[in-house]
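Following: one structure in structure tokens, then a few remarks.
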Amino acid sequence: MAARIIDLCDALVTKITAAWPGGLTAPDEAKRAYVAPLPLDRATPVTGRRVWVFPAPYEDEAATRGEKNRAFELSVIVAERYAVQAAAESDEARAWFDARVEFVEVVYDALDFGQRTRNGLLAVGDRRLWTQSSRCETYDGEHLAGKKLFVSSIDLTLREIW
Amino acid sequence: MAAAAGVKPGIDGALYRNTGTYGSPTWTEVTLVKDVTPRRQWDMQEAGSRETKAKLMAKTRIDVGAQAVVRTDCANAGYQALYDASNSSSSLLDMLILDGPLTQEGAAGVRGHFNVNSTGAPQEADGIIYETFDLAPGWSSEGYPSAIDVGSGSAITAVAY
């Protein structure tokens, strides 16, 4: 049995893969990772659209005298090499950026779990989790302008009682 | 109260309801309890005189009860018993409120027939619903509220107030 936090990362990868517009095909990829690949530079071999899911801290508080309310923090990074030849401020480049921002929003929405939200609760093993909070950094301007990379990150907190 | 010395974690406290009879109780723990705040506070009246300049007080009656915060779960029998009692204008629950489990020698608390009153169950968007129940003793022909000491072998000693 893997660590719970690893199971959660894998569950998010599954959800992201399922939500991938048009289906995920190589060289695009979604996977669990440990080592943050940032900062990326021009030499970093990023081909296709990459989505990495990272485990982050988790903590408990008492839910009842016999149960814990556990909060898991997880991070998702989306990265893709800026493939447009036109200047970054051009309409062509903006359309390319728009498509990536739209993708990030699809991923963000796919990770919204709750009893009554669009995706329902996230079932992992015999327990179910909900998204307590989530935050998206739409894009990283430094990577975009200086390193020709579109990079976006999502930080979220999932909770479960067990 | 006899027991080994040491700290008593609040999480080891136990709130039981009697699912048997008063004379032969079956104590079933309400497992979804988060926090319990028991109270055993006497009313005090002045009982001084010119004999002394010290203000003397005397205990008259005691307020025995508790406030219990319980996670809402309609499939849990313990929560449901509290919920049902809180909706009733007359039903009392025979309960045992201890600072440790029944298996722990030295655990102490009170037993009584309690009115159950719900004082709130906030439904916050980011929260989990917990219901706060106030337990206040009511009259029962079966017995009055008692101070409880748990001895060895889970033996209970009750002293009525």
Side-chain angles (χ1 to χ4, degrees), chain A residues 4-5 7-8 11-12 15 56-76 105 107-137 153-162, chain B residues 7-17 27-38 66-83 95-104 107-109 120-133 135 150:
Chain A
R4 184 71 174 158
I5 188 78
D7 286 343
L8 296 190
L12 295 194
K15 293 293 184 184
Y58 54 91
E59 62 180 355
D60 281 345
E61 60 185 47
T64 67
R65 285 171 167 171
E67 300 170 311
K68 294 295 184 187
N69 183 344
R70 179 165 288 182
F72 297 93
E73 295 180 24
L74 301 107
S75 294
V76 177
E105 190 169 299
V107 171
Y108 184 80
D109 288 344
L111 304 181
D112 178 22
F113 306 109
Q115 183 76 51
R116 298 172 70 171
T117 58
R118 72 200 91 190
N119 301 317
L121 295 167
L122 173 65
V124 180
D126 59 356
R127 304 202 293 265
R128 296 184 297 171
L129 302 97
W130 69 96
T131 305
Q132 183 196 25
S133 63
S134 54
R135 174 183 168 80
C136 177
E137 293 291 342
S153 62
I154 298 169
D155 295 318
L156 66 158
T157 301
L158 301 180
R159 280 192 177 273
E160 67 177 0
I161 291 180
W162 66 291
Chain B
V7 298
K8 277 194 171 183
I11 200 167
D12 287 347
L15 178 69
Y16 299 94
R17 65 191 175 97
W27 294 114
T28 304
E29 186 173 4
V30 182
T31 55
L32 296 187
V33 166
K34 181 170 187 282
D35 304 313
V36 172
T37 307
Q67 189 175 69
V69 179
V70 184
R71 183 161 67 78
T72 299
D73 185 343
C74 56
N76 180 272
Y79 168 78
Q80 196 64 44
L82 289 165
Y83 176 82
M95 304 196 80
L96 185 58
I97 306 162
L98 297 178
D99 61 4
L102 263 172
T103 53
Q104 182 182 80
Q123 300 171 5
E124 298 166 342
D126 287 332
I128 295 166
I129 300 177
Y130 285 87
E131 187 153 7
T132 301
F133 294 103
L135 308 178
V150 178

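To find a chain, count down the sequence lines: A is the first, B the second, and so on, and within it residues start at 1. Model, not experiment: these values are computed from the prediction.
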> Checking heavy atoms, do the side chain of V36(B), its backbone, both or neither come under 4.5 Å from chain A?
Replying inline: both

>> Counting heavy-atom pairs under 4.5 Å with chain B, which one of A63(A), A62(A), G114(A) comes out on top?
In response: A63(A)

>> I need the residue from V33(B), L32(B), V70(B), I128(B) with the largest number of non-hydrogen atom pairs under 4.5 Å to chain A.
In response: V33(B)

> So with a 6.0 Å cut-off around CZ of F72(A), is the heavy-atom count from everything else above 12?
Replying inline: yes

Taking donor and acceptor roles from the modelled atom types, list the N and O pairs under 3.5 Å across chain B and chain A.
unit_1  : atom_1 : unit_2 : atom_2 : d
G13(B)  : O      : R65(A) : NH1    : 3.2
V33(B)  : O      : R65(A) : N      : 2.6
R71(B)  : NE     : E67(A) : OE1    : 3.1
R71(B)  : NH2    : E67(A) : OE1    : 2.6
R71(B)  : NH2    : E67(A) : OE2    : 2.5
Y130(B) : OH     : A63(A) : O      : 2.5

